[in-house]
Structure formats: C-alpha cells, structure tokens
*Asks:* 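Please read through the structure below; I'll follow up with questions.
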Amino acid sequence: MVSTGRLNDMTVKKSFDLRVYEAVSQIPSGQVATYGQIAELIGAYGCARQIGWSLKRLCLPSTIPWHRVINAKGEVSMSISREGTDWVQIDLLKREGVFIDQELKIQLRRYLWKPDLFKDSE
DNA sequence: GACTTGACATGGA
DNA sequence: CTCCATGCCAAGT
C-alpha cells in the first residue's frame with residue numbers, strides 16, 4: 001500500500017524490501033523466479049538490480065526463500081562478493097528437487113514460477 | 001557530491 | 001547461443 005503521505009527515506013526503502021520479501025515468499029518450493037519477475041511483481045519493472053541488493057541485506061536471518069531467486073539466464077548469479085552464499089543457494093535448490101547441470105544451468109522452462117497474477121488473462 | 005560497481009533485464013548484431 | 005550497448009537504482013569510494 002503506497003500512502004500519499006510523505007514517508008522517510010528509511011520507510012520507503014524498507015517498504016521496497018518488504019515487497020521484495022513478500023513476493024519471494026510466494027515462490028513455491030521446487031520452483032524459481034527471476035529478478036525481473038519479482039521487480040515487475042512489486043511494480044518496479046526494470047529495477048532487477050535492486051532486488052539483488054534487497055536480498056543481500058537480508059540473506060542470513062532468512063525465513064525468506066531467497067535461494068529461489070535467480071537471473072533470467074536460468075542460472076544462479078555467482079559473485080565473489082557473496083562469500084560463497086551463491087553455492088549455498090545452489091545446494092538449497094538441489095535439495096528442493098531442482099536439477100542443475102554442470103554448467104549451473106536451470107531449466108526455466110520447467111522450474112520457472114508462474115504467478116497467479118496473470119493466470120489466463122491473455 | 002560525482003564516479004564506479006553490482007546477486008539484472010532486454011534488444012540488436 | 002554469445003557478445004555488446006543501454007536502462008535502472010542503491011551503495012561504496
């Protein structure tokens with residue numbers, strides 16, 4: 001809910017993170033979603049990078065299935081900055097039954113989450 | 001306060 | 001399919 005009243009910067013940022021977390025929480029086990037999907041879902045199309053930042057802030061005390069968020073290439077985003085949490089993500093996905101090949105490629109065709117939002121509108 | 005980087009996406013070559 | 005350029009926004013320097 002975006003109120004018309006003016007909010008502090010912290011509040012705005014916080015709400016953004018919260019929206020990200022809520023969207024991510026909706027991803028069912030055994031499925032994955034892309035950063036772009038999440039961004040579009042919270043009404044921030046094109047802001048995929050911010051999704052990554054939001055998740056980075058959270059990560060550790062995660063009741064959120066952050067590991068189900070991957071990039072559009074169908075691969076877990078690997079980065080030295082993550083201190084190996086990327087590999088943890090891969091492990092978690094595998095435990096949920098998501099098959100990942102040697103190239104770290106995931107079949108989006110098969111595991112990509114389909115939000116209820118659109119359904120059969122088209 | 002400007003410049004560079006980064007857990008990204010999309011479209012054209 | 002891969003590589004390059006552009007857009008987006010926040011954080012670090």
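In what follows, every heavy atom counts, from backbone to side chain, and hydrogens, waters and symmetry copies are set aside.
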*Asks:* Which atoms form the tightest heavy-atom contact between V32(A) and L108(A), and what is the distance?
*Replies:*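 V32(A) and L108(A) have their closest heavy atoms at CG2-CD2, 4.0 Å.
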*Asks:* Starting the side chain at C-beta, find the nucleotide from dA7(B), dC8(B), dC9(C) nearest to R49(A).
*Replies:*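 Closest nucleotide among those given: dC8(B).
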*Asks:* Could you tell me whether a side-chain N or O of R68(A) sits under 3.5 Å from a main-chain N or O of Q31(A), the two making a donor and an acceptor?
*Replies:*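 No: the side chain of R68(A) does not pair with the backbone of Q31(A).
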*Asks:* Looking at Y35(A) and dA7(B), is any side-chain donor or acceptor paired with a base atom of the opposite kind under 3.5 Å?
*Replies:*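 Per atom types, the contact qualifies.
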*Asks:* Can you tell me if S81(A) touches the phosphate of dA7(B), counting only side-chain N or O atoms and a distance under 4.0 Å to OP1 or OP2?
*Replies:*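 Answer is yes, contact under 4.0 Å.
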*Asks:* Could you tell me whether the side chain of E75(A) reaches within less than 4.5 Å of the side chain of I106(A), counting heavy atoms only?
*Replies:*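 Answer no - side chains too far apart.
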*Asks:* Among dT10(B), dC8(B), dC9(C), which nucleotide has an atom closest to any side-chain atom of Y45(A)?
*Replies:*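 Ranking dT10(B), dC8(B), dC9(C) by closest atom to the Y45(A) side chain puts dT10(B) first.
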*Asks:* Does atom NZ of K73(A) have more than 12 heavy-atom neighbours, drawn from other residues, nucleotides or ligands, at distances under 6.0 Å?
*Replies:*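 12 or below, so no.
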*Asks:* Verify the contact: side-chain N or O of S79(A) to OP1 or OP2 of dA7(B), cut-off strictly under 4.0 Å; return yes or no.
*Replies:*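 For dA7(B), OP1 or OP2 has a side-chain N or O of S79(A) closer than 4.0 Å.
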*Asks:* Which nucleotide in the list dC8(B), dA7(B), dA11(C) gets nearest to the side chain of N71(A)?
*Replies:*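 Between dC8(B), dA7(B), dA11(C), the one nearest the side chain of N71(A) would be dC8(B).
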*Asks:* Expressed as a whole number of angstroms, how long is the span from E83(A):CD to dA7(B):C1'?
*Replies:*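 That distance rounds to 13 Å.
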*Asks:* Choose from dA10(C), dC8(B), dA7(B) the nucleotide whose nearest atom is closest to any side-chain atom of K56(A).
*Replies:*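 Nearest to the side chain of K56(A) among the choices is dA7(B).
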*Asks:* When you get a sec, tell me which of dA9(B), dA7(B), dC8(C) is the closest nucleotide to the side chain of A48(A)?
*Replies:*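 Among the listed nucleotides, the one closest to the side chain of A48(A) is dA9(B).
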*Asks:* Select one nucleotide: of dA9(B), dA10(C), dC8(C), the one nearest the side-chain heavy atoms of A72(A).
*Replies:*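 Closest of the options to the side chain of A72(A): dA9(B).
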*Asks:* Take the protein atom CZ of R109(A) and the nucleotide atom C1' of dC1(C), then report the distance between them rounded to whole Å.
*Replies:*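 After rounding, the reported distance stands at 17 Å.
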*Asks:* Contact class for T85(A) vs. all strands (heavy atom < 4.0 Å): base, sugar-phosphate, or nothing?
*Replies:*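 No contact at all - T85(A) keeps every heavy atom at 4.0 Å or more from the nucleic acid.
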*Asks:* In terms of the nearest nucleotide of DNA chain C, which residue is placed more toward the 5' end: G46(A) or W53(A)?
*Replies:*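 Upstream on the strand: G46(A).
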*Asks:* Can you tell me how far P of dA9(B) sits from CG of L112(A), to the nearest Å?
*Replies:*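 To the nearest whole Å, that distance equals 11 Å.
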